[in-house]
2 protein chains.
Amino acid sequence: MEGVSGNKYGGILRFSRDDPIIVAETGDSSSRKPRADAERNRLRLLDTAKAAFGEKGPSASLEEIAREAGVGIGTLYRHFPTRDALIEAVYRNETMQLADAAARLIETHPPVKALRQWLLLFVDYLGTKYGMAAVFGSVTGGTAALYAACNSGTPEAIALLTDRAVASGEIKLDMDPIDLLRAIAGVASAGPGWQDTARRLIDILIAGMRV
Amino acid sequence: MEGVSGNKYGGILRFSRDDPIIVAETGDSSSRKPRADAERNRLRLLDTAKAAFGEKGPSASLEEIAREAGVGIGTLYRHFPTRDALIEAVYRNETMQLADAAARLIETHPPVKALRQWLLLFVDYLGTKYGMAAVFGSVTGGTAALYAACNSGTPEAIALLTDRAVASGEIKLDMDPIDLLRAIAGVASAGPGWQDTARRLIDILIAGMRV
DNA sequence: ATATTAAGTGGAGGGCGTCTCCGGAAATAA
DNA sequence: TTATTTCCGGAGACGCCCTCCACTTAATAT
């Protein structure tokens, strides 16, 4: 499992180092002000990458992304040393909305209904972002990419929802709740109409978790 | 649907001796006996590819497969014009065992138990064939590969099982049963220990389908 | 305004993959 | 054996990943 050295994407199976991405001006006092062109290029790359992943899935060509963004391939790699880093950066913003929605649903809905509602939102979300769905089922990206894409509050969001529902005594769940998302994303590889299937699956899952 | 259409060479996708499906024998009596070395190479390729997919997933290098099989890359492409064609050929035999198991379970177990038992078998199967699990969630291969890998009786097998369970009035299911497999395969992208998760998921699914 | 300097740029290049093409080898039929 | 047909196999064109480093340029110091 770990020894897969023949992988053509050298960095894919490595976990990303801690967060080079968030700018977070935590007073690193000594240094000079960051260059303006660097940040500009970073944003251009993110924009282009988002579009590319959206329409070609997570294995879109990085060279092409750089070309379309009008920067050299070296610049892309400087900003995002691995494909995972780029994917993570792209979807970080995106998935934050899901996390926010979770907080809102918790305040306005009873436990199980909130959970169900959020899962439905998750399906909608996968629907609007083809690349996103692919990331979840990705083989190329594997676990690393999955975790990366999730590290924006999604695990916490669903954990919050399921914990509350469990605490209310209405459901029981003896597995990592993120696997519910994996299961849902699993049907996203089906053809058109998968969203209906996904929604039915949600109801099955919730019914199956009820005590 | 459009994916596998690269079949410009006739008859390439013919399968081995006891395959009643494709052979179809439409009186091409005019031609000579197929060459022995061709069939030999085809089998060597299948063997090697099975091993390669098993340990490196469905994106294993075709060049390496050809090299290990001791044939030229051209020969590989002659027999299997696309990666999907090779994957399909490899897993056709494999999945037939699952279909057989379904028939057996139907005769020896009550409806729901048979279904559950078969799903557990499916998990075991994914476990022994890493490549197999990857195929289900594959992006590279996409839908085409998925369908290809499934076209060996797996859809029929699970349809049989679920139909029987539904007919018995014990469960209800308003979706393509193959999506149950997709959901299960979805958690296979998780890290080590995913098999336990998958088994718990099965129980949740079955509980959720109960009327 | 000019010099200084370190961060940032971009593309050439090596390695590996996919896929096509076709001259030549090999097996079958006569 | 010879003729005919099928099949082999690797060279070659091209794409992608990723590294490396000579050069550029924005931010500072003078």
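All values derive from a computational prediction rather than experimental measurement. In what follows, every chain begins at residue 1, and chains take the letters A, B, ... in the order their sequences are listed.
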Answer yes or no: is there a side-chain heavy-atom contact under 4.5 Å between A/Val123 and A/Trp194? yes
Side chain of B/Ala38 only, heavy atoms from C-beta on: which candidate in D/dC18, C/dT28, D/dC7 is closest? D/dC7
D/dC7 phosphate, OP1 or OP2, under 4.0 Å from B/His79 side-chain N/O: no
Take the protein atom CD of A/Glu39 and the nucleotide atom C1' of C/dT9, then report the distance between them rounded to whole Å. 16 Å
Return the set of residues passing side chain to side chain donor-acceptor pair (under 3.5 Å) with B/Asp203 (not counting sequence neighbours), or none when no residue passes. B/Arg116
Taking only residues two or more places apart in sequence or in another chain, which ones pass side chain to side chain donor-acceptor pair (under 3.5 Å) with A/Arg35? A/Asp37
Please identify each residue that fulfils side chain to side chain contact (heavy atoms under 4.5 Å, CB included) with B/Asp196, with sequence neighbours left out. B/Arg199, B/Arg200
Whether A/Asn41 contacts C/dG8 is assessed here as follows: a side-chain N or O lying under 4.0 Å from the phosphate OP1 or OP2. Is that the case? no
Bend angle of the helix from C/dA1-D/dT30 to C/dA30-D/dT1 from five-pair axes at both ends, rounded to 10°? 0°
With sequence neighbours left out, write down each residue that passes side chain to side chain contact (heavy atoms under 4.5 Å, CB included) with B/Ala183, or none if nothing qualifies. A/Ala183, A/Val187, A/Leu201
From OH of A/Tyr77 over to C1' of C/dG8, roughly how many Å is that when rounded to an integer? 18 Å
Taken in chain and number order and not counting sequence neighbours, the residues that satisfy side chain to side chain contact (heavy atoms under 4.5 Å, CB included) with A/Arg164 are A/Ile106, A/Pro111, A/Ala114
Would you list the protein and nucleotides 23-26 of chain D atom pairs, both N or O, that sit under 3.5 Å from each other?
unit_1 : atom_1 : unit_2  : atom_2 : d
D/dT25 : O2     : A/Arg35 : NH1    : 2.9

Which pairs, with at least one residue in residues 43-53 of chain B and sequence neighbours excluded, count as a side-chain hydrogen bond (donor to acceptor under 3.5 Å, both in side chains)? B/Lys50-B/Glu94
Quick one: B/Leu76 CG to D/dC7 C1', roughly how many Å, whole number? 14 Å
Mind listing the residues from residues 61-68 of chain B sitting with a heavy atom below 4.0 Å of DNA chain C? Number order is fine. B/Ser61, B/Leu62, B/Glu63
Please walk me through it: do A/Ile87 and A/Thr82 pass side chain to side chain contact (heavy atoms under 4.5 Å, CB included)? CA-CA 9 Å; A/Ile87 293 181; A/Thr82 66; over 6 Å; no
Round to the nearest Å and state the distance from A/Phe80 atom CZ to C/dG10 atom P. 14 Å
A/Asp100: which residues meet the side chain to side chain contact (heavy atoms under 4.5 Å, CB included) condition with it, sequence neighbours left out? A/Arg104
Shortest non-hydrogen pair, A/Phe53 vs A/Ala60, comes out as CD2-CB, 4.2 Å
Both B/Ala60 and A/Val71 contact DNA chain C. Taking the nearest nucleotide for each, which residue is further toward the 5' end? A/Val71
Find the distance B/Leu86:CG to C/dC19:P and express it as a whole number of Å. 11 Å
Taking only side-chain nitrogens and oxygens of A/Thr75, does any of them come within less than 4.0 Å of OP1 or OP2 of C/dG10? yes
Any non-hydrogen side-chain atom of B/Ile171 less than 4.5 Å from a side-chain atom of B/Leu115? yes
Rounded distance in Å - CG (B/Asp84) to C1' (C/dC19): 14 Å
Could you pull out all donor-acceptor pairs under 3.5 Å where a side-chain atom in residues 61-72 of chain A meets a protein atom, sequence neighbours excluded?
unit_1  : atom_1 : unit_2  : atom_2 : d
A/Ser61 : OG     : A/Glu63 : N      : 3.3
A/Ser61 : OG     : A/Glu64 : N      : 3.1
A/Glu64 : OE2    : A/Lys56 : NZ     : 3.2

CG of A/Leu45 versus C1' of C/dT9: gap in Å, rounded? 12 Å
Nearest-nucleotide pick for B/Arg78, side chain only, options being D/dC17, D/dC8, D/dG10: D/dC8
To the nearest angstrom, the CZ-P distance between A/Arg44 and C/dT9 comes to 12 Å
